[in-house]
J.: 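First the structure, then my questions, so here it is.
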Amino acid sequence: MAADVSIDQLADDMYEIVADSAGKKKLKAGDLTKAMTAKYGDAITRKDCKAAIKQLIDSGRCVYGYFGGSSIELPRTEGAANE
Amino acid sequence: MADDLKIPLLEELEKGPWPSFVSDIKSMADKSEVAADLLRQLEKSYEDKRGYWKHGGLVGVLGYGGGVIGRYSALPEEFPGVSHFHTVRVNQPSGWVYTSKALNEIMDIWDEHGSGLTNMHGSTGDMVLLGTNTDELEPTFQALTQKGWDLGGSGSDMRTPSCCIGPARCEWACYDTMDLCYNLTQEYQDELHRPMFNYKFKIKMSGCPNDCVASQARSDMAIIGIWKDEIQIDKDAYAAYMKDGFNIKDLVVDMCPTGCITADENDIEIDDSNCVKCMHCIARLPKALAPGKERGATISLGAKAPIVEGALIAQNIIPFMEMEKPYEELHDLIERIWEFWDDHGKARERIGEFIERVSLATFLENTGLDPLPQMVQEPRDNPYIFYEEYYAEEDEEAASDE
Ligand code: SF4
Ligand code: SF4
């Protein structure tokens with residue numbers, strides 16, 4: 001892990017992307033990793049991105065969704081849910 | 001049976017010689033409104049010729065992206081018992097070996113938290129616990145983990161690895177399938193529970209080419225036990241078969257796909273260099289023949305059922321790999337494959353489709369594998385591999401001609 005980009009920072013950046021895409025585009029874990037690599041280049045690794053996603057999910061800030069493929073989304077009550 | 005359960009169309013499925021899921025679910029309909037409403041909703045689907053399930057894409061347990069398949073009824077007022085009908089996948093033990101105590105634990109948990117209906121086992125291999133509501137998911141998960149169980153995979157993750165029973169019961173196993181299955185399950189916990197791929201990735205392990213888990217047709221990575229040296233022959237056991245009047249010509253010699261067996265009542269010889277390890281002769285003469293002593297596994301990639309693209313059968317990429325603890329060579333291979341597929345695959349593209357799209361040559365180059373004749377799937381199939389050394393030689397020759 002490069003000293004200048006923390007896992008927290010990556011998780012925050014990822015969260016922002018997920019929030020911006022909410023309702024528009026479903027993002028996969030790979031999409032978030034690619035976005036972070038584009039932003040930080042060699043300063044981060046795939047492992048860092050995995051750790052950031054883990055943090056987003058374990059903290060409950062994001063959840064996994066499945067609609068044909070798996071995605072990372074904001075928690076919400078889905079339209080299909082029955083009472 | 002529940003008195004008001006009128007399901008004449010479904011009852012048609014109980015006729016005939018086969019076991020029927022309708023009979024099974026009916027046997028629970030008296031004590032479970034979930035089972036009764038499940039049958040009622042299905043009967044309505046048969047009447048109306050359409051399904052009444054809605055996909056619940058967000059349900060799950062905290063931290064996990066796989067293991068729960070969300071379903072809601074589209075007609076919750078009519079069929080309240082199945083208003084929520086989520087499925088929980090439980091990671092099966094290697095080789096599906098349980099104690100009755102363990103099975104009873106699972107059943108008790110599911111009677112308390114779900115419908116009590118199960119499917120043993122789903123096509124991936126997991127135990128499938130059918131039908132519960134969203135509020136019961138976390139309590140089910142807690143109860144399972146307290147007893148040492150875990151959820152299996154679903155979605156775009158590594159699916160629960162599965163294997164044949166291997167050396168636990170079968171003398172043909174060329175490696176310890178159950179140990180490897182356990183190893184991969186533990187090694188790749190993140191990949192199993194946190195979907196991070198373009199789509200699903202299934203690993204199945206068979207101890208010999210009989211391929212009892214059908215890995216060659218049903219997994220993205222098939223790891224099949226194989227041997228490198230000669231088939232072992234026990235001449236005394238062979239003589240005993242002959243004494244018993246075994247028809248060696250019709251049952252073995254003429255059935256060998258490559259015609260590499262020469263045998264009569266007195267002796268048997270195998271031209272092992274032409275043996276394609278189909279297991280036929282060994283299966284016919286189990287006391288006289290056995291796989292060789294130099295054992296390991298062969299690895300194929302890319303089988304799948306027809307969902308996005310058509311069905312594919314796996315293609316060989318590693319003719320032989322030793323399969324011994326700590327399996328570092330295999331881990332390294334799996335990770336290289338995942339990395340390249342992850343970086344360049346499209347959404348919902350399985351590894352077999354990916355290789356077809358980018359070409360085998362590109363795939364090999366980027367995963368550090370050498371092209372081999374075993375990768376040619378059919379005669380006259382041209383894999384379009386060009387050896388750089390060949391061009392280097394050509395260049396050198398051209399340079400020395402100048
Ligand atoms: S695949 Fe081979 S080793 Fe495994 S159970 Fe079947 S016959 Fe035995
Ligand atoms: S394993 Fe199959 S190919 Fe090999 S010798 Fe026996 S029958 Fe022939």
Side-chain angles (χ1 to χ4, degrees), chain A residues 7 10-11 14-15 17-19 21-42 44-83, chain B residues 53-86 133-135 153-158 189-191 193-201 307-308 335 338-339 341-350:
Chain A
I7 300 296
L10 281 179
M14 286 179 174
Y15 182 82
I17 298 174
V18 173
S21 304
K24 290 178 245 159
K25 188 172 187 284
K26 301 230 175 271
L27 296 170
K28 294 177 284 140
D31 296 329
L32 297 177
T33 303
K34 277 178 195 157
M36 291 303 102
T37 309
K39 184 168 181 181
Y40 295 112
D42 290 345
I44 58 159
T45 64
R46 198 177 271 269
K47 239 182 176 172
D48 300 332
C49 293
K50 265 192 192 177
I53 292 172
K54 193 170 181 177
Q55 195 199 85
L56 280 180
I57 298 288
D58 290 354
S59 65
R61 290 169 82 195
C62 288
V63 293
Y64 286 109
Y66 182 84
F67 297 91
S70 297
S71 48
I72 293 174
E73 308 187 15
L74 297 185
R76 60 188 164 85
T77 307
E78 62 189 321
N82 294 332
E83 283 302 304
Chain B
W53 293 117
K54 292 187 290 180
H55 199 291
L58 287 179
V59 291
V61 299
L62 184 67
Y64 279 25
V68 177
I69 321 294
R71 287 287 180 279
Y72 296 102
S73 169
L75 303 167
E77 281 84 28
E78 210 174 326
F79 307 113
V82 290
S83 172
H84 296 204
F85 195 76
H86 310 317
N133 57 49
T134 307
D135 289 345
S154 67
S156 307
D157 62 12
M158 178 186 81
Q189 280 287 296
D190 260 356
E191 285 76 3
H193 298 307
R194 299 172 183 275
M196 56 182 72
F197 300 141
N198 305 305
Y199 205 21
K200 62 186 99 169
F201 193 92
I307 299 183
V308 182
E335 285 157 33
W338 280 345
E339 190 169 339
W341 174 52
D342 211 18
D343 278 350
H344 301 281
K346 293 183 187 171
R348 302 193 77 203
E349 185 173 53
R350 299 280 288 271

J.: State which residues pass side-chain contact (heavy atoms from CB on, under 4.5 Å) with B:Arg348; sequence neighbours excluded, sorted by chain then number.
T.: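 Partners of B:Arg348 by the side-chain contact (heavy atoms from CB on, under 4.5 Å) criterion, ordered by chain and then number, come out as B:Tyr199, B:Ile307, B:Val308.
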
J.: In terms of heavy-atom proximity below 4.5 Å to chain A, should B:Glu191 be classed as side chain, backbone, both, or neither?
T.: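 Side chain only.
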
J.: Can you measure from CG (B:Asp190) to NZ (A:Lys50) and round to the nearest 0.5 angstrom?
T.: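 It comes to 5.5 Å.
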
J.: Which heavy atom of B:Ser83 sits nearest a heavy atom of A:Glu83, and at what distance?
T.: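 Closest approach of B:Ser83 to A:Glu83: OG-O, 4.2 Å.
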
J.: Measure distances from A:Glu73 to the heavy atoms of chain B and classify the residue's part below 4.5 Å as side chain, backbone, both or neither.
T.: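 The side chain, not the backbone.
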
J.: In Å, rounded to the nearest 0.5 Å, how long is the span from CD1 of B:Ile69 to OH of A:Tyr66?
T.: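 If I round to the nearest 0.5 Å, the distance is 8.0 Å.
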
J.: Below 4.5 Å, heavy-atom pairs only: which of B:Ala74, B:Gly70, B:Ala347 has the largest tally toward chain A?
T.: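 Result: the option with the highest number of such pairs is B:Ala347.
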
J.: Keeping A:Asn82 on the side-chain end and B:Tyr72 on the backbone end, is there a donor-acceptor pair under 3.5 Å?
T.: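 Not a single qualifying donor-acceptor pair exists.
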
J.: Take A:Arg46 and B:Asp342 through the salt bridge (Lys or Arg N to Asp or Glu O under 4.0 Å) test and state the conclusion after the steps.
T.: CA-CA 11 Å; A:Arg46 198 177 271 269; B:Asp342 211 18; 3.2 Å; yes

J.: Working to the nearest 0.5 Å, report the span between CZ of B:Arg194 and OG of A:Ser70.
T.: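 With rounding to 0.5 Å, CZ (B:Arg194) is 13.0 Å from OG (A:Ser70).
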
J.: How many angstroms lie between OG in A:Ser59 and CG in B:Leu62, if you round to the nearest 0.5 Å?
T.: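 If I round to the nearest 0.5 Å, the distance is 8.5 Å.
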
J.: What option among A:Ala29, A:Gly65, A:Ala80 has the most heavy-atom pairs under 4.5 Å with chain B?
T.: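 Heavy-atom pair counts peak at A:Ala80.
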
J.: In terms of the angle between their ring planes, are A:Phe67 and B:His55 parallel, tilted or perpendicular, with boundaries placed at 30° and 60°?
T.: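 Aromatic pair A:Phe67/B:His55 classed tilted.
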
J.: Measure across B:Asn198 and A:Lys28 and return the closest heavy-atom pair with its distance rounded to 0.1 Å.
T.: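 Taking every non-hydrogen atom into account, OD1-NZ, 3.6 Å.
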
J.: Nearest 0.5 Å please: distance from the OH atom of A:Tyr64 over to the OG atom of B:Ser154.
T.: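 One gets 11.5 Å once the value is rounded to the nearest 0.5 Å.
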
J.: Keeping the roles fixed (side chain from B:Lys200, backbone from A:Gly69), state whether a donor-acceptor pair exists under 3.5 Å.
T.: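 Checked: no pair found.
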
J.: Under a 4.5 Å heavy-atom cut-off, does chain B meet the side chain of A:Arg76, its backbone, both or neither?
T.: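 When you check distances to chain B, atoms from both the backbone and side chain of A:Arg76 fall under 4.5 Å.
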
